Enquirer: 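Shown below is the structure under consideration.
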Amino acid sequence: MAVKDTYSLLSTVVSIANSGKLSHRARLLAIADVLAETFRFASAVFYLPDTERRFLVSSYSPAYPDNPRSCSIPFGEGVAGECARRKTVTAGIPASAHPEEFLSVEASQLVAFPVVDEARLNAVLSVGLLDGFLPPHHEKKLLQDILTVVGGVVRTLMLAEWSERRVKTLTGIGEIGRILNRNLPPRELLRLGLRSCHKQTASSCTILRLFVAADPVAAGLFRKVSPRMRDFLPQFLELESEASARVAETKMPVLVVDLVAEEDIPPSYICVPLFFDSNPIGTVTFFGKEAKKGRYVNFDEEDRDLCESLAVMIAAGMESSLNYRKMELLAEENRKKVQELSLLYRMGHIVLSTINLNKLAYLILSSLTSGTSPIFDRAMLFLVNEKAGNMQGMLGITRNTAIDVLAVADEAAELRETLQRISDEDLLLQMESDFSSRVRGTRIPLDRSKNVSSRAVLEKRLFHIPDIDRERAIDHGFVRKFGISSFAVAPLVAKEKVVGIIVVDNHLSGKPIAPDELRFLQMFVNQAGMALENSILYKRVQDANRELYEAQERLIQGERLAAIGEMAAGIAHEVKSPLVSIGGFARRIQRRVPAGSDESKSAETIVRETERLERMLGDILTFSRKATICYTSCSIVDIIEDALSLLAGPLRDSGIRITKKLAPALPVFLGDSHQLKQVFLNLFANAHDAMRSGGELTIAAFTCRASGAPAIGVRVTDTGKGIPAEIIKKIFNPFFTTKPSGTGLGLSITNRIVMNHRGRIRVSNSAGGGAEFRVVMPIHP
Ligand SMILES: Nc1ncnc2c1ncn2[C@@H]1O[C@H](COP(=O)(O)OP(=O)(O)O)[C@@H](O)[C@H]1O
Ligand SMILES: [Mg+2]
């Protein structure tokens with residue numbers, strides 16, 4: 001062949017090279033096509049090198065159905081490789097070609113031309129010469145010129161490919177960034193991040209190693225292996241551990257190429273450090289890279305930079321994920337604490353809402369056992385009785401009997417209202433529930449060696465017994481009585497003193513008591529202890545107040561009585577003498593006039609009325625006389641019998657039955673038997689007055705206790721109409737009477753005598769409807 005028109009060839013090539021319509025690849029192919037045609041080559045192929053200029057890695061030829069085709073021809077091997085190395089025109093027979101060089105069957109010789117730009121090889125044009133044909137020298141020269149033009153095309157092509165790769169890499173990094181920013185849990189983040197890096201770097205095996213645990217991820221290896229590379233895993237792991245150790249030491253990334261130890265293993269790997277807060281905490285090693293299915297090539301520096309960036313991203317992602325988790329845990333803990341505090345606050349409100357001891361006890365235990373999710377199944381309250389040396393059961397509540405005091409209580413006012421609605425009957429019902437009754441019937445001795453409850457009191461601290469079988473100091477009677485297998489006991493401390501204990505357990509659900517429940521119990525009992533102490537003090541103040549009031553009443557009563565008595569005594573004294581004269585005079589008249597006459601009847605009335613007045617004066621004088629008691633040892637039975645015998649006649653006449661219930665062997669006691677006879681005489685007389693048309697008078701005598709001391713008690717019951725509620729408080733007042741001819745002094749005299757004996761008299765209406773008087777007198781006044 002001969003190139004006829006050098007000029008037109010050059011202009012064709014230049015116009016292709018500058019054609020805006022064709023892509024860079026298409027331009028290269030079109031030029032190869034024109035050259036093959038013009039110079040009548042058997043073939044024309046362009047080979048392009050890698051960035052490191054170590055391999056020819058892609059080839060372009062009009063003979064290929066698809067372009068470009070990737071290859072891996074080392075510089076220095078075959079005709080094209082040799083040309084690439086020497087950067088001079090190189091010729092050779094087909095047999096000397098590298099197996100990946102393109103060979104046309106017609107070609108008898110290969111000639112390779114370097115496309116060089118400032119001493120850098122940018123491409124190799126390899127042409128196949130038809131049998132026995134060698135291009136004349138001037139044509140070779142022309143070809144050289146054309147290749148200068150081609151140099152420009154290749155340069156832009158390489159630039160375009162480079163930026164294409166860059167864009168791809170950036171897209172890949174962006175994708176990984178998105179994954180790492182998804183706030184995934186650390187383990188999940190590592191897994192997905194690793195997979196994504198594996199893909200982006202075209203790695204055949206990627207191994208991430210953590211030297212130290214990054215809670216919750218344990219130290220160790222994470223890996224991703226392409227299925228085809230599975231068999232090489234042992235080799236990968238061996239190489240990885242070496243590389244990782246080196247990187248850990250130098251803190252610098254490592255790029256290894258041209259591994260030849262194993263034929264099929266990918267020839268190259270990169271190992272980069274993972275930094276947390278500038279501390280190396282691990283490494284990531286990439287093996288590869290897979291250029292095309294099953295074909296592995298070296299990583300280059302660009303890849304190393306990419307891997308380094310990826311490692312930074314993984315580390316940053318991990319760090320934020322761990323921080324996020326830590327924050328979540330903190331937030332969760334905070335939420336729990338706030339909940340706990342608000343519950344505690346509400347409970348505090350509840351226990352401070354009342355000063356009534358019973359109600360308070362009830363609220364304290366209900367707080368622990370009610371609500372949507374009760375803290376405990378059962379709670380019992382025991383109060384310490386130092387004098388008796390034990391703890392006395394006061395109340396027991398289970399989640400089944402507790403009124404839900406917590407459910408409504410968001411608003412303070414609402415809470416108050418709910419609590420006020422809890423009536424005394426509710427409380428009574430609770431106290432008398434089966435469980436509570438059993439608690440109330442329980443006394444735990446205060447003895448450190450015998451039970452933990454005592455230790456809780458004496459050591460002022462909470463005890464948790466998860467398993468009673470493992471505890472020595474267990475009150476077996478106690479745990480058996482309540483079917484307890486595990487429990488906690490907390491002391492109620494107020495002002496350094498233990499006022500009681502709360503025992504809790506989960507008898508129904510059997511679930512173990514959790515540590516935060518114990519902590520909560522501890523905080524709660526601190527509050528409850530104060531409230532309980534206040535309540536106990538308040539009750540004491542109330543009792544003292546009542547006693548004071550009663551004493552004051554008695555004092556006033558006594559003063560009033562004394563004044564009235566003095567006056568009455570004066571009047572009685574003045575009236576008595578004329579009355580005696582009137583009486584004697586009337587009796588004389590009666591004897592003188594005929595019986596049954598009008599005069600006799602009038603005289604009889606005068607006699608009867610003066611007798612009544614005399615009796616009344618007697619009463620008044622008795623009442624007003626300063627009471628001096630003549631103590632002798634008395635028998636209550638004798639006193640009662642004496643008094644009864646004086647009234648036996650009238651009682652019998654009114655058809656009143658007498659029932660005596662006198663306990664055998666009643667002790668003798670110190671008292672003034674004469675005055676005491678008066679006491680019972682008055683009571684029997686009133687009973688007689690109340691049962692004028694018959695009935696039953698019951699007299700019972702027994703021993704009992706008054707203020708802790710032995711005493712004698714007498715109950716006098718009648719079956720009359722009883723005493724109306726509106727006057728029952730007044731009947732002991734002097735001169736109070738509802739009877740037309742009563743003096744109203746009987747009961748006030750009776751009361752005074754009993755009081756002088758340091759006894760008590762009480763009145764009530766009996767179940768049968770009549771009145772019941774109860775006299776109690778100490779045996780040793
Ligand atoms: N057994 C009783 N049954 C009903 N009322 C009684 C009884 N005992 C006393 N009372 C009431 O108490 C009042 C005062 O009693 P008392 O001091 O003995 O005076 P008197 O008997 O002179 O009325 C009586 O008037 C009566 O109303
Ligand atoms: Mg009377």
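In each ligand, atom 1 is the first atom listed, and ligand 1 is the first ligand listed. Here the structure is a predicted model, which is why all the values come from computation and not from measurement.
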Enquirer: Can you tell me which residue among Leu532, Asn358, Thr442 is in a side-chain contact (heavy atoms from CB on, under 4.5 Å) with Met394?
Expert: Asn358
Enquirer: Is any side-chain N of the basic residue among Lys739 and Asp689 closer than 4.0 Å to the acidic one's carboxylate O?
Expert: yes
Enquirer: For the Mg ion (ligand 2), which protein N/O/S atoms are closer than 2.8 Å?
Expert: Asn686 OD1
Enquirer: Could you tell me whether Arg587 and Glu611 have a side-chain N and a carboxylate O separated by less than 4.0 Å?
Expert: yes
Enquirer: Return the set of residues passing salt bridge (Lys or Arg N to Asp or Glu O under 4.0 Å) with Glu599 (not counting sequence neighbours), or none when no residue passes.
Expert: none
Enquirer: Taking atom 19 (O) of ligand 1 as the reference point, report whether a protein heavy atom occurs under 4.0 Å from it.
Expert: yes
Enquirer: Checking the N or O distance criterion of under 3.5 Å, is ligand 1 in contact with Asp689?
Expert: no
Enquirer: Run down the list Leu747, Ile731, Asn765 and name the one with the heavy atom closest to atom 16 (P) of ligand 1.
Expert: Leu747
Enquirer: Under the salt bridge (Lys or Arg N to Asp or Glu O under 4.0 Å) test, which residues partner Asp672, sequence neighbours left out?
Expert: none
Enquirer: How does Asp718 reach ligand 1, by side chain, by backbone, by both or by neither, if only non-hydrogen atoms under 4.0 Å count?
Expert: side chain
Enquirer: Given side chains that start at C-beta, do those of Met380 and Phe482 come closer than 4.5 Å, heavy atoms only?
Expert: yes
Enquirer: With respect to Ile723, determine whether any N or O atom, backbone or side chain, lies less than 3.5 Å from an N or O atom of ligand 1.
Expert: no
Enquirer: Once salt bridge (Lys or Arg N to Asp or Glu O under 4.0 Å) is applied, do any residues pair with Arg399, and if so which ones, sequence neighbours excluded?
Expert: Asp377
Enquirer: Provide the number and element of each atom of ligand 1 under 4.0 Å from a heavy atom of Gly742.
Expert: 22 (O)
